[in-house]
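Letters A, B, ... are given to chains in the order of the sequence lines, protein chains preceding strands, and every chain is numbered from 1.
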Number of protein chains: 2
Amino acid sequence: MHSLILHIKNYIPVEDEEYESILQFFDTAELKKRDTILIEGQICKANYFIVKGCLRMFFINEKGVEQTTQFAIENWWISDNLSLLTQKPTAFHIQAVEKSEVLSIGNSSYQKLIQLHPSIESYFRMMHQRALGAAQYRMKYQHGMSREEIYRFFANSFPEFIQRIPQYLLASYLGFTPEYLSELRKKKIS
Amino acid sequence: MHSLILHIKNYIPVEDEEYESILQFFDTAELKKRDTILIEGQICKANYFIVKGCLRMFFINEKGVEQTTQFAIENWWISDNLSLLTQKPTAFHIQAVEKSEVLSIGNSSYQKLIQLHPSIESYFRMMHQRALGAAQYRMKYQHGMSREEIYRFFANSFPEFIQRIPQYLLASYLGFTPEYLSELRKKKIS
DNA sequence: CGCGACGTTGATTTGCCTCAACGATTGTGG
DNA sequence: CCACAATCGTTGAGGCAAATCAACGTCGCG
């Protein structure tokens with residue numbers, strides 16, 4: 001069964017005969033490492049579901065440095081939700097960190113999908129609510145912990161993910177410099 | 001017309017005869033300054049819509065200091081979405097900053113509401129999507145700006161809101177100490 | 001093989017916090 | 001309606017976490 005259908009079934013009931021009728025509204029894309037599906041200034045055209053691989057969202061600060069604000073791996077959605085909802089230009093880029101496979105659905109396909117399968121709207125409501133909840137807790141960690149604590153917390157929570165991505169991306173995501181991350185890693189061993 | 005109905009009508013069409021049938025699923029509460037509707041460790045029981053006033057979400061860090069992670073004013077929703085969705089204990093408090101009036105809707109009322117008015121699910125999907133989008137951009141600001149820049153950006157974006165809340169809450173929200181905020185304000189004049 | 005991307009190390013600097021003390025303002029009970 | 005306490009904002013001295021800058025080693029890839 002397609003991983004998206006499996007994922008949806010975790011949240012709402014889906015009949016077997018609906019599978020194809022749901023999947024037809026999504027487009028599949030294969031992405032190579034560094035392929036970019038959204039660039040600053042564009043209007044975000046779709047919501048993306050990661051079937052396989054890893055994507056990241058980042059922006060370019062005034063010094064020209066890329067700063068990663070979020071990662072998405074298998075079974076997560078990623079998009080600039082404000083740009084997608086309001087059809088205004090985005091301030092973000094979305095790029096594949098590794099070879100990836102994604103499904104995408106734009107607003108017009110989305111409208112057709114929920115017309116045919118109204119209960120899918122509940123699924124998306126819960127996806128956004130869950131992501132919002134995660135963002136609220138992430139805010140708490142960023143607010144309440146020192147950079148060293150953030151690193152240790154993250155490293156303990158997602159050890160496998162640390163392996164998967166280059167250190168400079170992790171540093172950029174956690175909000176500090178690669179040099180400082182290097183220093184923290186050294187401390188941890190001793 | 002009730003401000004909630006007006007707000008919903010910005011996002012989806014609502015028939016005049018539906019108003020009462022929708023509002024019946026919400027409870028009204030009057031809050032005095034510092035009244036608290038959610039305490040750390042509880043299960044979050046509802047999503048709250050601000051009719052009048054201002055609420056804040058905060059947590060208490062390991063030093064015993066309150067740190068504010070978000071404010072909500074008229075026509076915004078506030079809740080611990082993760083706790084509400086998963087029915088697990090929250091790590092947050094939600095409290096009135098000033099005398100306020102709120103509507104609340106718990107999960108069981110919510111289910112009954114969308115059974116009777118399915119299109120309301122779209123409204124909530126968009127509310128969560130919008131809030132998620134706002135959280136994504138807030139992450140960008142916190143990530144890419146120094147504390148001084150964050151203050152100036154916020155002060156320019158929401159001048160009226162600055163007037164409305166005490167400075168120590170603003171400092172706690174922006175992520176720094178009241179002392180440092182005081183220093184920044186002094187600099188701005190000269 | 002040679003270049004560019006990535007990680008590490010150390011010296012120096014700085015943004016912001018901590019702590020302590022002091023006005024100003026608010027509110028509360030006598 | 002005043003006195004006193006508590007809350008809130010400000011100021012300054014000192015300290016530390018983390019950034020900056022520069023240099024070097026290593027690895028993978030064209």
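- When atom types are taken as modelled, the side chain of B:Asn107 and the backbone of B:Leu84 share a donor-acceptor pair closer than 3.5 angstrom.
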Pair B:Phe153-B:Tyr141, ring-ring contact (aromatic ring centres under 6.0 Å, His included): steps then yes or no
CA-CA 9 Å; B:Phe153 175 78; B:Tyr141 301 130; 4.5 Å; yes
Close N or O pairs between protein and nucleotides 3-13 of chain C (under 3.5 Å):
unit_1 : atom_1 : unit_2   : atom_2 : d
C:dC6  : OP1    : A:Tyr168 : OH     : 3.0
C:dG7  : OP1    : A:Gln167 : N      : 3.0
C:dG7  : OP2    : A:Tyr168 : N      : 3.1
C:dT8  : OP2    : A:Gln167 : OE1    : 2.9
C:dT8  : OP2    : A:Ser182 : OG     : 3.1
C:dT8  : O5'    : A:Ser182 : OG     : 3.0

Before you tell me yes or no, could you show the steps for A:Gln142 and A:Ile150 under side chain to side chain contact (heavy atoms under 4.5 Å, CB included), namely the whole-Å CA-CA distance, both residues' side-chain angles and the distance that decides it to 0.1 Å?
CA-CA 7 Å; A:Gln142 300 259 31; A:Ile150 288 175; 4.0 Å; yes
Donor-acceptor list for residues 122-136 of chain A side chains, cut-off 3.5 Å, not counting sequence neighbours:
unit_1   : atom_1 : unit_2   : atom_2 : d
A:Ser122 : OG     : B:Glu121 : OE2    : 2.5
A:Tyr123 : OH     : A:His7   : ND1    : 2.7
A:Tyr123 : OH     : A:Trp77  : NE1    : 3.0
A:Arg125 : NE     : B:Tyr110 : OH     : 3.3
A:Arg125 : NE     : B:Glu121 : OE1    : 2.8
A:Arg125 : NH1    : A:Gln129 : OE1    : 2.8
A:His128 : ND1    : A:Phe124 : O      : 3.1
A:Gln129 : NE2    : B:Asn81  : OD1    : 3.4
A:Arg130 : NH1    : A:Tyr11  : OH     : 3.0
A:Gln136 : OE1    : B:Asn81  : N      : 3.2
A:Gln136 : NE2    : B:Ser79  : O      : 3.0

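- Note: CG (A:Leu174) to P (D:dA17) measures 18 Å, nearest angstrom.
- Rounded to an integer number of Å, the gap from B:Ile162 CD1 to D:dG9 P is 12 Å.
- Summary of helix geometry: the two end axes of the helix from C:dC1-D:dG30 to C:dC22-D:dG9, each defined by five base pairs via their C1' atoms, are inclined to each other by 40° (rounded to 10°).
- We find that NE2 of B:His143 is positioned 14 Å from P of D:dA18, with the value rounded to whole Å.
- The separation between A:Leu184 atom CG and D:dA19 atom C1' is 13 Å, rounded to whole Å.
- In this structure, B:Glu149 atom CD and C:dC16 atom C1' are separated by 14 Å, rounded to whole Å.
- Under 4.0 angstrom from either OP1 or OP2 of D:dA19 there lies at least one side-chain N or O belonging to A:Thr177.
- A salt bridge links A:Glu148 with A:Arg152: at least one charged nitrogen is closer than 4.0 Å to a carboxylate oxygen.
- One atom, CZ of B:Phe176, and another, C1' of D:dA17, lie 18 Å apart when rounded to the nearest Å.
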Quick test: give all pairs of protein nitrogen or oxygen and nucleotides 22-25 of chain C nitrogen or oxygen below 3.5 Å, distance rounded to 0.1 Å.
none

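- Taking atom CE on A:Met145 and atom P on D:dA17, their separation rounds to 17 Å, with Å as the unit.
- Under the ring-ring contact (aromatic ring centres under 6.0 Å, His included) criterion, A:His117 pairs with no residue at all, not counting sequence neighbours.
- B:Phe58 belongs to a hydrophobic cluster whose other members, connected by ILVMFWY side-chain contacts under 4.5 Å either directly or through intermediates, are B:Ile60.
- Using a 4.0 Å cut-off between a side-chain N of Lys or Arg and a carboxylate O of Asp or Glu, A:Glu101 and A:Lys32 do not qualify as a salt bridge.
- Between B:Arg56 and B:Glu66 a salt bridge is recorded (basic side-chain N to carboxylate O distance below 4.0 Å).
- Atom CZ in A:Arg147 sits roughly 7 Å away from atom C1' in D:dA18 (whole-Å rounding).
- Ring centroids of B:Phe71 and B:Phe161 are separated by less than 6.0 Å, placing the two rings close together.
- With no hydrogens or angles considered, no side-chain donor-acceptor pair links A:Ser83 and A:Thr90 at under 3.5 Å.
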